[in-house]
Amino acid sequence: MVPLHSGALLRRLFALLALLLALASPATADVLRIEQAQSVESDSDRYPDDGPQRTVSLPDDWNASRPGRAGPVWYRVRFDAPVAQDANELLALYVERACSNLEVQLNGQRLHAAGRMREPMTRNCHHAQLVTLPAALLRPEGNLLDIKVAGQPLQRVGSRLRAGGLSELELGPHTLLAPQQERHLTLNVTLPLVLSGSLLLLGGFMCVLGWLNRRHSYLAYFGILAVGSALLTARLGWRDLPLTSFEAEVVLALLMPIVTLAAVQFLLRRAGQRTPRLGLVLVLQCVLVPASLLLGGAERVHLLANAWATLLALEVLVALARFLRRAWRRRGQHGWAAAMLIAGTAALVVVQLLALLEPPGSTFLALVHLSLPLTFIGMGLRLVQLHGRALQDAEADRRVLEARIREATEEIERNFAQLTELRIEQVTERERKRIAADLHDDLGAKLLTIVHTSDNERISTLAREALEEMRLSVRGLTGRPVRLIDALGDWRAEAMSRLSQTGIEARWVAPTDDLPQTLSARAYVQTTRILREAVNNIIKHSGATHCTVTCQIDGSDFQLAIQDNGRGIPMELDGRLDRGHGMSSMKHRAKQLQGQCLVESGPGYGTVIRLTLPLERHAVAA
């Protein structure tokens, strides 16, 4: 939707107002307006010629012409039939307002009855009447038009809009007066009833919305306010209720405090204020208002209804003042909204006060009656929009909160897992150090004693090998990292010494620069054992005379190659190298280090063992 600027919105509102005024404008061409009539009070079936008659001006307001007197009242008008330009054109009588009901007679013949003339009588105060005058009953001159009006004096009704009276009469062609009646009914009945139905649906929806969202109970109170206002307006369509005028006034008086309760509670709850005592008083008021009318009787309806209406209006104004005061205090973000609400409310109050000065049936009064449901519909739609936006914001906040909770939970789980691993590592480290200390102090000391005291060379050699293996295991258990350059020195010393002792010419190729990496104790131990196993195989099985050991760093990998010029792997072991010469253990150790150990051999071509370790897994920058 394209947003409207304030100027465009005002232009559209004025255009709508002009359209409504045009709908209500009366026809003027070829219409006879009757502004005087003979009047007599009587409940007879015909106009009483012998009764006390008097001349009254039309419109006739009973409160001014006969205060305190009830109907029925007969009106007589004399007129001459107009000369019709079209022989088939019908003549009609237009009565804009006859409160509460009427019947029409022409030259002694009954033409029209709008409903019941006795209690419970039909209520047609807001319904314009159009009566066709048959040409067969018309005289060229001296036609008598008698109208009987049944109604109530002012003191028996709550509003002067429902007091007895008769508007001006208009005689003219039916084709001119029918559109005028349609315009009047549209403005005074149809549009209010359509708005009432819309307000009733909106109010019911907001009642359900407020009931489901108890934190926003003001929505339910606005829904009750909208439903009550819709019912007050819907009385325009209920013309034949099985209730007397007094009973109908009591029912309307019962709706007034309910609407007031809803309005006051809506304003206070919207301002964030809860007053249980005030709520109890408002509920008690809903009982007192109709009870006071019942006790006062039919003759005091107007006095009591207006007194209560004034008090109820004051209550709403006080609640509105408290709401505006609270809104003004929070004007930082919503100050413009509070200012607009103040201006709109003041304008509506002024319009309602001015409307009280208008006569019943005026166009201005009808427009004022339309303003109330329109205002409520606009407010309701705005509240629904704000509530929907609040729900969207709450849903977005809920998703953000869930994401944060999920992240916090995952972080806690990671921290717990790390803490658990740290504790296990600490316990394992302590146990390794204890085992290493025991091996070094007990087993190491005994092996060293055997080396120095044994007379048997073979036993002494085995003890020395076991001591070296034990020291290597202890080094792995301590968990201390080893500098790569130091590891290369250890491996070179051991391999070159063993190979040279057996008469095999050895060559060592490795970086001589100071390498910054360090190996983990586990990687150092496993690599040492792989190198020992390879040297053992060369010494025991290859028959080689020359061996080259090459160490290098290729990118993120550490590579170790041991190559001899021996006779290679025997043909009988071809295809199952893992079963002999310790190949299986070498490959298994390399796999544990996330690396690989490859064997290349052939009879008469020597053997090459290639060990590749991913350096980033087992080496750390010093």
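Counting from 1, the numbers follow the sequence of the chain as shown. A quick note: this is a predicted structure, and the numbers were derived from the prediction, not measured.
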Do other residues, nucleotides or ligands put more than 12 heavy atoms under 6.0 Å from [X] [atom1]?
| X | atom1 | value |
| --- | --- | --- |
| Arg54 | CZ | yes |
| Arg398 | CZ | yes |
| Asp397 | CG | yes |

On a heavy-atom basis, which atom in [X] and which in [Y] lie closest, and how many Å separate them?
| X | Y | value |
| --- | --- | --- |
| Pro72 | Asp43 | CG-OD1, 3.2 Å |
| Ala220 | Cys207 | O-SG, 3.8 Å |
| Gly203 | Ala226 | CA-CB, 3.7 Å |
| Ala305 | Gly158 | CB-CA, 3.9 Å |
| Ala98 | Leu102 | CB-CD2, 3.0 Å |

Decide whether [X] and [Y] meet the rule of one side-chain donor and one side-chain acceptor closer than 3.5 Å.
| X | Y | value |
| --- | --- | --- |
| Glu119 | Gln152 | yes |
| His174 | Glu89 | no |
| Gln53 | Ser39 | no |
| Gln180 | Arg183 | no |
| Asn107 | Asn143 | yes |
| Trp308 | Ser292 | yes |
| Gln181 | Glu96 | no |

Does any N or O in the side chain of [X] come within less than 3.5 Å of the main-chain N or O of [Y], such that one atom is a donor and the other an acceptor?
| X | Y | result |
| --- | --- | --- |
| His216 | Gly210 | no |
| Ser159 | Leu161 | yes |
| Gln36 | Ser57 | no |

Legend entry - Check against side chain to side chain contact (heavy atoms under 4.5 Å, CB included), Tyr218 and Met206: CA-CA 9 Å; Tyr218 64 87; Met206 295 197 69; over 6 Å; no
Inset, instruction - Kindly determine whether Arg66 and Asp60 satisfy salt bridge (charged side-chain N to carboxylate O under 4.0 Å, His left out), including the steps that lead there. - result: CA-CA 9 Å; Arg66 49 182 60 82; Asp60 180 26; 3.1 Å; yes
Inset, instruction - Let me know which of Arg300, Arg162, Arg123, Arg156 forms a salt bridge (Lys or Arg N to Asp or Glu O under 4.0 Å) with Glu249. - result: Arg162
Legend entry - Option passing side chain to side chain contact (heavy atoms under 4.5 Å, CB included) with Val264 (candidates Val281, Leu312, Leu278, Val318): Leu278
Inset, instruction - Please determine which of Leu166, Leu154, Val73 meets the side chain to side chain contact (heavy atoms under 4.5 Å, CB included) test together with Trp62. - result: Val73
Does the side chain of [X] reach to within under 4.5 Å of the side chain of [Y], using non-hydrogen atoms?
| X | Y | answer |
| --- | --- | --- |
| His387 | Leu219 | yes |
| Arg270 | Leu383 | yes |
| Val189 | His127 | yes |
| Tyr75 | Asp146 | no |
| Arg76 | Leu145 | no |
| Gln38 | Tyr47 | yes |
| Leu133 | Leu137 | no |
| Phe376 | Leu202 | no |

Inset, instruction - Give the ring-plane orientation class for His184 versus Tyr94, where under 30° counts as parallel, over 60° as perpendicular and anything between as tilted. - result: perpendicular
Legend entry - Single hit among Thr122, Asn124, Asn101 for side-chain hydrogen bond (donor to acceptor under 3.5 Å, both in side chains) with Arg239: Asn124
Legend entry - Working for salt bridge (charged side-chain N to carboxylate O under 4.0 Å, His left out), residues Lys148 and Glu103: CA-CA 5 Å; Lys148 182 181 181 181; Glu103 69 175 45; 5.3 Å; no
To the closest 0.5 Å, what do you measure between [atom1] ([X]) and [atom2] ([Y])?
| X | Y | atom1 | atom2 | answer |
| --- | --- | --- | --- | --- |
| Met121 | Leu243 | CE | CG | 13.0 Å |
| Asp61 | Cys99 | CG | SG | 10.0 Å |
| Leu225 | Ile258 | CG | CD1 | 12.0 Å |
| Arg78 | Leu144 | CZ | CG | 4.5 Å |
| Leu191 | Thr233 | CG | OG1 | 12.0 Å |
| Leu93 | Leu106 | CG | CG | 9.5 Å |

Inset, instruction - Would you sort out whether Leu169 and Leu58 count as a side chain to side chain contact (heavy atoms under 4.5 Å, CB included), showing the intermediate values? - result: CA-CA 8 Å; Leu169 305 178; Leu58 299 179; 3.9 Å; yes
